[in-house]
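Remarks on the structure that follows.
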Amino acid sequence: MADTTGNTSDTGALRDTDSAPRKSSWRYIGPGIVVAATGVGAGDLVATLIAGSNFGYTLLWAAVLGCLVKISLAEAAGRWHLSTGRTLFDGWASLGRWTTWFFAVYVAIWGFSYGAAAMSSSALPLQALFPGVMDLEWWGVACGVVGLVFVWFNKYAVFEKVMTVLVGVMFVVTVYLAIRVAPNLGDAFAGLLPVIPDGEDSVLNTLGLIGGVGGTITLAAYGYWVNAKGWADTGWMKVMRLDNRVAYITTGVFVVAMLFVGAELLHAANIALSGGGKGLVQLGDILEDEYGTATAKFFLIGFFATSFTSLIGVWHGVSLMFADFVARLRERRAGAAVGTAGKAREIASGEHERSWPFRVYLLWLTFPPVILLFQGEPFRLVIIYGVLGAAFMPFLALTLIWLLNSSRTPPEWRNGWLSNGVLAVAGLLFLVLCLKEVWDQPWGQFF
C-alpha cells in the first residue's frame with residue numbers, strides 16, 4: 001500500500017548512492033549568490049536606510065543578527081534537500097494536508113501581489129534613468145515580460161551566471177556608496193553592541209529590522225536552487241554550507257553598506273525617506289545634490305540590479321516550488337507512492353524547469369499583476385497579502401524544526417542544540433512580527 005504520509009523509513013536509500021563528500025571550494029559557489037540577490041530587494045535596502053536615518057549606527061547589530069538568523073534558515077532548508085533527497089514541499093506535505101492548503105492559498109495571492117510590486121520596483125530606476133521615455137506602468141510591464149522570457153528560455157546554469165553579474169553590480173555600487181559617505185568606523189563598531197534605541201515601538205522596529213533582512217519565500221527556494229545546481233546528495237553538504245555562508249555575508253555587506261549611507265547621509269541631515277522603491281528614487285536625488293549626477297546614475301543602476309534580481313529570482317525559484325507542488329498533487333491523485341527519496345534529483349535534471357506548471361506560474365507572476373500596475377491593489381487584497389506574507393516565515397521556521405528533529409531526516413543530519421536554538425528564536429521572532437502585522441491591519445474596514 002502506498003505511503004501517503006511522506007514519513008517513510010527509506011532514509012537510507014539516498015545515502016547508499018551518495019558520492020564522496022566534496023571539499024568546500026569557492027568554485028562551486030552559486031545558489032548562495034542567487035538567494036542573496038533575490039532576497040535583498042528595494043524594500044530591504046530602504047528599511048535599512050530608514051533604520052540608519054532614524055537611529056544612526058545604533059541598530060547595526062540588528063542588521064548583522066538578521067543575516068545570522070537567515071543563515072540558519074537557509075542552511076536548514078538546504079540540509080533537508082540534501083540529506084533526504086526530497087524537496088521541502090515533500091516535507092511539508094508529510095506534516096498534514098493543512099500545509100498544502102496554506103501553500104496553495106499563499107502562492108496564489110502572494111504571487112499575484114508580488115508580481116506587481118516587483119515589476120513596479122524594477123521600473124522606478126529605469127524611469128529615473130530614462131525620463132520621458134515611457135510611463136512607470138509600461139516600464140513595469142517591460143520588466144515583467146523580459147523576466148518571463150529570460151526565465152522561460154534559460155535553464156539554471158545561465159540564470160545563475162546572470163544573477164552573479166547583477167550581484168557584482170550591486171556589490172560595487174553599495175560598497176562605493178558606503179565609502180563615499182565616509183562612515184565613522186568608531187561609531188559603527190559601537191553599533192555592534194546590542195542596544196535598543198529609545199522611542200515608541202523601538203523594540204518592534206528593531207525586531208522588524210532583524211526579520212526583514214534578505215528574504216521570505218526565497219529562503220525556502222534555496223533548497224530548490226541547491227538541487228537545480230546539481231547538488232542532490234549529502235556529498236555536497238560541506239559545499240552547501242560554505243555557499244550559504246557566502247550568501248549571507250554578501251547580504252550583510254549590502255545591508256551594512258546601506259545602513260552606513262542612512263547613518264551618514266540622512267541621519268545628520270534629518271532626512272526622511274518614503275517606504276519601498278520610491279525611497280530609493282529619493283535617495284538618488286539626494287546623492288545627485290551631494291555628489292553629482294554621475295554618482296546618482298551609478299546608484300540608480302545598482303538600484304535596478306537590486307530590483308531586477310529579486311524579480312527574476314522569484315520568477316525562477318518560486319516557479320520551481322510551484323512545479324514541485326503540482327507534481328506532488330498529481331502523484332497523490334494518481335495513487336502513486338509519494339514522499340520517497342529522489343525528488344531532489346528530478347530538480348537537478350532540469351525536468352521541473354521544462355514542465356507546464358513551472359511555466360504556468362511564470363505567466364501568473366507576469367500578466368495578471370499588470371492589472372494592479374494600472375489600477376492599484378484592491379484594499380482587501382492588500383490586507384490578505386500582508387497577513388499571508390507575515391505568516392510564511394514562522395511557518396517556515398517552525399516546520400523546519402519539526403522536519404529536522406523527526407524520523408523523516410536521517411539521524412546524522414538532524415538538528416543539534418545550536419540549530420534548534422537558532423531556529424526556535426527565529427520562529428518566535430517571526431511569530432511576534434506576524435501577530436503585529438495581523439494586529440495592525442484595519443480589520444474594521446475589511447468587512
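One is the number of the first residue; the rest follow in order along the sequence. Any value given below was found using the heavy atoms of this structure, including those in side chains, with hydrogens, waters and symmetry copies removed.
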May I have the step-by-step check of side chain to side chain contact (heavy atoms under 4.5 Å, CB included) for I210 and L59, ending in yes or no? CA-CA 9 Å; I210 295 171; L59 290 181; over 6 Å; no
* **Intermediate values then yes/no, side chain to side chain contact (heavy atoms under 4.5 Å, CB included), V261 and L283** => CA-CA 10 Å; V261 173; L283 179 60; 4.3 Å; yes
Y57 and F189: CA distance, side-chain angles, deciding distance, ring pair (Phe, Tyr, Trp, His ring centres under 6.0 Å) verdict: CA-CA 8 Å; Y57 294 103; F189 281 115; over 10 Å; no
Practice prompt. With side chain to side chain contact (heavy atoms under 4.5 Å, CB included) as the test, would you mind laying out the steps for R414 and S407 before giving the verdict?
Written response: CA-CA 9 Å; R414 290 177 195 163; S407 60; 4.2 Å; yes
Side chain to side chain contact (heavy atoms under 4.5 Å, CB included) for F392 and F102? Distances and angles first, verdict last. CA-CA 9 Å; F392 185 81; F102 174 81; 4.0 Å; yes
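Heavy atoms only, all atoms of each residue included: M163 and G313 are closest at CE-CA, 4.0 Å. Listed here is the closest heavy atom pair of G30 and Y156: C-OH, 3.8 Å. Heavy atoms only, all atoms of each residue included: W364 and A108 are closest at NE1-O, 3.0 Å. Of all the heavy atoms in A178 and V181, the pair that sits closest is O-CG2, 3.3 Å.
Looking at W110, its side chain never comes within 3.5 Å of a backbone N or O of L388 through a donor-acceptor pair. The closest donor-acceptor contact from the side chain of T100 to the backbone of A93 lies at 3.5 Å or more, if one exists at all. Checked by atom type and distance alone, the side chain of S72 pairs as donor or acceptor with a backbone atom of V69 at under 3.5 Å. Checked by atom type and distance alone, the side chain of R79 pairs as donor or acceptor with a backbone atom of W413 at under 3.5 Å. Side-chain atoms of N244 come within 3.5 Å of backbone atoms of I71 as a donor-acceptor pair (strictly under, hydrogens ignored). With hydrogens and angles ignored, the 3.5 Å screen pairs a side-chain donor or acceptor of D44 with a backbone N or O of G41.
Taken to the nearest 0.5 Å, the CG atom of L431 stands 7.0 Å off from the CG atom of L398. Residue L363 holds its CG atom at 12.0 Å from OH of Y361, rounded to the nearest 0.5 Å. Distance CG/D90 to CG/L95: 11.0 Å, rounded to 0.5 Å. Expressed to the nearest 0.5 Å, how far OG of S113 lies from CG of L381 amounts to 3.5 Å. S53 contributes atom OG, which lies 11.0 Å from atom CE of M258 (distance to the nearest 0.5 angstrom). Taking CG from L400 and CG from N405, the interatomic distance works out to 10.5 Å, rounded to the nearest 0.5 Å.
Using modelled atom types, one finds a donor on one side chain and an acceptor on the other under 3.5 Å when comparing R408 with S94. Side chain to side chain, S121 and S307 meet the donor-acceptor criterion of an N or O pair below 3.5 Å. Residues Y224 and D324 have side chains that bring a donor and an acceptor to within less than 3.5 angstrom of each other. No hydrogens or angles considered: a donor-acceptor pair under 3.5 Å links the side chains of T366 and W315. Side-chain polar atoms of N227 and Y222 form no donor-acceptor pair below 3.5 angstrom. There is no side-chain donor-acceptor pair under 3.5 Å between Y248 and E75. W231 and H81 share no donor-acceptor pair across their side chains, judged by distance under 3.5 Å alone.
Contact annotation: the side chain of V318 never approaches that of Y114 to less than 4.5 Å [non-hydrogen atoms, C-beta and beyond]. Proximity of L73 to L423: side-chain heavy atoms (C-beta onward) are separated by under 4.5 Å at one or more points. Counting only heavy atoms from C-beta outward, the side chains of S120 and L373 approach each other to under 4.5 Å. Side-chain contact between K161 and T164 is absent, with no heavy atoms from C-beta onward closer than 4.5 Å. For the pair W80 and L404, the minimum side-chain heavy-atom distance is below 4.5 Å. Side-chain contact check for S355 versus F358: some heavy-atom pair is nearer than 4.5 Å.
For the side-chain contact (heavy atoms from CB on, under 4.5 Å) criterion with L88, the lone passing option out of L403, L219, T399 is L403. When each of K155, R359, H316 is checked for a side chain to side chain donor-acceptor pair (under 3.5 Å) with E353, only H316 meets the rule. The only member of W92, F103, F430, W101 that meets ring pair (Phe, Tyr, Trp, His ring centres under 6.0 Å) when paired with F395 is W92.
Atom OH of Y106 has more than 12 neighbouring heavy atoms from other residues, nucleotides or ligands inside a 6.0 Å radius.
Ring orientation note: the planes of W236 and Y28 are nearly perpendicular, at an angle over 60° on the 30°/60° scale.
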